[in-house]
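Following: one structure in structure tokens, then a few remarks.
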Amino acid sequence: MNNIFVICEMDEGKVADVSLELLTKGRSLANTLKCQLEAVVLGHKLTGIEKEIFPYGADVVHIGDDACLAPYTTLPHAAVINGLFKVEKPQIGLLGATTMGRDLGPRVSSALYSGLTADCTSLEIGDHEDKKAKKIYKDLLYQIRPAFGGNIVATIINPDCRPQMATVREGVMKKEIFSANHKGQLKKIDVSQFVKPEHLVVKVLERHMEKSRVNIKNSSIIVSGGYGMGSKENFQVLYELAEVLGAEVGASRAAVDAGYADHDRQVGQTGITVRPKLYIACGISGQIQHTAGMEESAMVIAINNDPMAPINKIADYVITGDVMETIPKLIKFYKKNSK
Amino acid sequence: MGLKIIVLAKQVPDTRNVGKDAMKADGTVNRAALAAIFNPEDLNALEQALRLKEKYKGTTVTLLTMGPGRAADIIREGLFRGADDGYLLSDRAFAGSDTLATSYALSCAIKKIKDFDLIIAGRQAIDGDTAQVGPQVAEKLNLPQVTYVEDVIKAEKGKITLKRRLERGVETVEAPLPSVITVNSSAPSCRPRAAKLLMKFKHARTMSERQSQAEDYIDMSADRPYLNIQEWSVNDVETDAQWLGLTGSPTKVKTIENVVFQAKESKVLTASDKEIDELIKELMLNHTIG
């Protein structure tokens, strides 16, 4: 009772990375709170899936294995989670901020009347004093996220409602094996107890998955462009630099919104979080929305014509100059020096 | 057969174009410095509704927004682009609502509108990026939901077929009507205002706006009822106060911090040939690149 629950997601027959990252975070929160970490996996043909989860420190794995739970649709998943949560009364419920987690999370939070914070970049445990009500709340989940287009950082709490729910993007938390030999308890969910015919009204007629074309997350060098690149055509020079460096091209949200790059290249709070060896930020001003997703890069080079751009403060090298002039030079001198 | 569509729309501060004066010295947001705009993905949602209106004769598009009095702009903007009518839900009782309290208030207003086949909302609003209100409204109304919609393929015989955009792929799903769907920015952009509609609805006003007009304003809404934008206060809608506003919001903002970067010691370079050449050499030497 009152444990931490991570709702795991399946990705091509395996537990998704984002769920394993949340289990690692959940484990450390559970240690702080001295409670247990429990995982929930819903899907079909999940035999043995608990073996992927236990090494990340789960004390209990709940498995709901039924044909009605794959492919994912909202209502049967929500019905199972709502039912399980009503019995188990978790204090914290975590989901990946994926298309699934962001579809399921709000549905569950609405049904259970619990607070949900989207796209958290940090989760901590702390106390809260409500001065008006003269009440002290112990050990709340601090759900920390940039807000207002990334201009502020807000700490959100749910003082009275449980579970305290949060979604987190892939790559934000670090995935770490807790113990390769760790074993917990396996609990089978009786899916038919929760899923009724009225939950099966939405049908997936066709599903076409592509292998991700872009592999920003695992790239050791990222050349990223912002709104300051000026146009989609100018972005071409970033692909050229990436090509010679063996890098991937990333983009800020402003650049994606402006149509300079596709969404799967977006780095930042609402995109991908990256930790490359080298991050070259070109024409990126450095709103927290963006820096939240790249500030752990080992080295940052910022190229910007604004010497006051916030990105410069977290950069190891600041090149003050025009991107369309500077980037071709980087290509030119790299070619020259690598001969 | 025509559909009755409700489009949920929100007026948001334009957080994408934040100027230097957007933050006050104390670290709070200076809302006055930010333009109020039609939330971008709600425009994608409106476009899907307008396309259905073109495709299925007799379809009506009704806008619903919650916000302060000036959010009537959202209704007018929708009328200029082809919506048939709209409701503004506005009351201090709704102030301080988080996504759940917002969803509750909207679902109460939708129950009052009562007659509908489809609810379309933008996936998320740019001031919060939560993507929660659509699914939460669906849950409050006990309706199925389909999120991340990129295209409404058809809506016939009590069923709707939709294309969804997932992280790495697309999905075609079928849902019964009525349902709630949320639309992505990858869906087609909204059509511009139509000159004819702009002329027709230019003077559309809520009751409160009409009362605060200048003396020379001529109220024509008696003869032209389409110029009357419905405005509902908390008393016009059946609600339970415990689920409204701050009280009805399980999430609370504990602290807000202005963003302060820990300044790193950085090397500042110009873009001269010499300095770029040296930088590349340095990076190759320490094996960062090459």
Side-chain angles (χ1 to χ4, degrees), chain A residues 74-75 98-99 102-103 106-107 109-111 113-119 128 148-149 151-159 161 201-210 212 221 245 254 257 270 277-278 288 299 310 312-321 325-326 329-330 333-334 337-338, chain B residues 15-16 18 22-23 27 29 98-100 103 126-132 135-136 138-140 144-148 161 166-176 186 250-259 261 263-264 266-271 273 276-277 279-281 284 288-290:
Chain A
T74 316
L75 298 179
T98 56
T99 47
R102 297 172 106 240
D103 183 84
R107 186 93 194 182
S109 84
S110 178
Y113 187 72
S114 78
L116 169 66
T117 306
D119 298 346
H128 174 66
F148 231 78
N151 298 289
I152 53 174
V153 175
T155 300
I156 314 285
I157 49 170
N158 313 336
C161 302
V201 290
V202 174
K203 293 188 176 64
V204 177
L205 304 178
E206 200 188 332
R207 197 168 219 217
H208 178 72
M209 301 304 271
E210 305 146 358
S212 180
I221 304 177
L245 294 178
D257 283 347
T270 53
K277 197 165 72 168
L278 175 63
I288 184 151
M299 183 182 286
N312 294 350
K313 292 191 182 157
I314 60 162
D316 300 272
Y317 296 90
V318 173
I319 306 176
T320 306
E325 211 174 286
T326 311
K329 280 188 188 175
L330 287 170
F333 286 104
Y334 178 79
N337 287 306
S338 61
Chain B
T15 54
R16 298 169 309 175
V18 172
M23 303 300 291
V29 177
D98 71 356
T99 63
L100 201 57
S103 306
I126 57 169
D127 56 346
D129 292 325
T130 70
Q132 285 169 199
Q136 288 175 334
E139 196 281 331
K140 296 276 173 254
Q145 71 191 47
V146 180
T147 52
Y148 292 86
T161 311
L166 308 174
E167 277 97 351
R168 288 201 311 272
V170 289
E171 200 177 71
T172 309
V173 304
E174 184 187 83
S186 57
T251 61
K252 316 277 177 207
V253 178
K254 178 172 167 60
T255 50
I256 283 180
E257 282 167 66
N258 203 351
V259 177
F261 286 107
K264 260 192 193 175
S266 48
K267 245 187 202 175
V268 180
L269 314 172
T270 67
D273 283 7
I276 298 284
D277 192 18
L279 170 68
I280 293 284
K281 281 182 180 144
M284 292 180 90
T288 303
I289 56 173

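Residue numbering restarts at 1 for every chain, and letters A, B, ... go by the order of the sequence lines.
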Choice from [options] maximising heavy atom contacts with chain A below 4.5 Å:
options: B:Leu166, B:Val253, B:Thr270; result: B:Leu166
options: B:Pro250, B:Pro144, B:Ala271, B:Gly169; result: B:Pro250
options: B:Val146, B:Thr255, B:Val268; result: B:Thr255
options: B:Val173, B:Thr99, B:Asp98; result: B:Val173
options: B:Ile289, B:Leu279, B:Thr130, B:Asp273; result: B:Asp273

Identify which part of [X] has an atom lying under 4.5 Å from any heavy atom of chain A, answering side chain, backbone, both or neither.
X: B:Thr161; answer: side chain
X: B:Ser103; answer: neither
X: B:Asp277; answer: both

Next item on the list: Side chain from CB out, backbone as N, CA, C, O: work out which of these in A:Ala254 comes under 4.5 Å of a heavy atom of chain B, or both, or neither.
Entry: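 Neither; nothing under 4.5 Å.
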Notebook entry, point to check: So which part of A:Thr320 gets closer than 4.5 Å to some heavy atom of chain B, the side chain, the backbone, both or neither?
Noted result: both
Which one of [options] has the most heavy-atom pairs closer than 4.5 Å to chain B?
options: A:Gly115, A:Gly321, A:Ser110, A:Ala118; value: A:Ser110
options: A:Val318, A:Thr99, A:Leu75; value: A:Thr99
options: A:Leu278, A:Val201, A:Asp103; value: A:Asp103
options: A:Thr98, A:Val202, A:Asn337; value: A:Asn337
options: A:Ile156, A:Ile221, A:Asp257, A:Leu245; value: A:Ile156
options: A:Leu116, A:Asn158, A:Asp119; value: A:Leu116

Check: Between B:Ser266 and A:Asn312, is any pair of side-chain heavy atoms under 4.5 Å apart?
Finding: no
Notebook entry, point to check: Do B:Tyr148 and B:Glu171 come within less than 4.5 Å of each other through their side chains, counting heavy atoms only?
Noted result: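 No, every pair of side-chain atoms sits at 4.5 Å or beyond.
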Margin query: Side chains of A:Ser109 and B:Gln132: any donor to acceptor distance under 3.5 Å?
Written below: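 Side chains of B:Gln132 and A:Ser109: no pair found under 3.5 Å.
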Note to self: For B:Thr251 and B:Leu100: C-alpha separation, side-chain torsions, deciding distance, then whether side chain to side chain contact (heavy atoms under 4.5 Å, CB included) applies.
What the structure shows: CA-CA 9 Å; B:Thr251 61; B:Leu100 201 57; over 6 Å; no
Check: Step by step, would you call A:Phe333 with B:Lys281 a side chain to side chain contact (heavy atoms under 4.5 Å, CB included)?
Finding: CA-CA 9 Å; A:Phe333 286 104; B:Lys281 281 182 180 144; over 6 Å; no
Item checked: Which atom of A:Cys161 lies closest to which atom of A:Ser114, heavy atoms considered -> CB-CA, 4.0 Å
Next item on the list: Measure across A:Pro106 and B:Gln136 and return the closest heavy-atom pair with its distance rounded to 0.1 Å.
Entry: O-CG, 3.3 Å
Next item on the list: Would you check, one step at a time, whether the test side-chain hydrogen bond (donor to acceptor under 3.5 Å, both in side chains) holds for B:Asp129 with A:Thr270?
Entry: CA-CA 8 Å; B:Asp129 292 325; A:Thr270 53; 5.2 Å; no
Next item on the list: Sequence neighbours left out, what passes salt bridge (Lys or Arg N to Asp or Glu O under 4.0 Å) with A:Lys277? Give chain and number order.
Entry: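 Partners of A:Lys277 by the salt bridge (Lys or Arg N to Asp or Glu O under 4.0 Å) criterion come out as none, since no residue qualifies.
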Note to self: Among residues at least two apart in sequence or on other chains, which ones pass side chain to side chain donor-acceptor pair (under 3.5 Å) with A:Arg107?
What the structure shows: B:Gln145
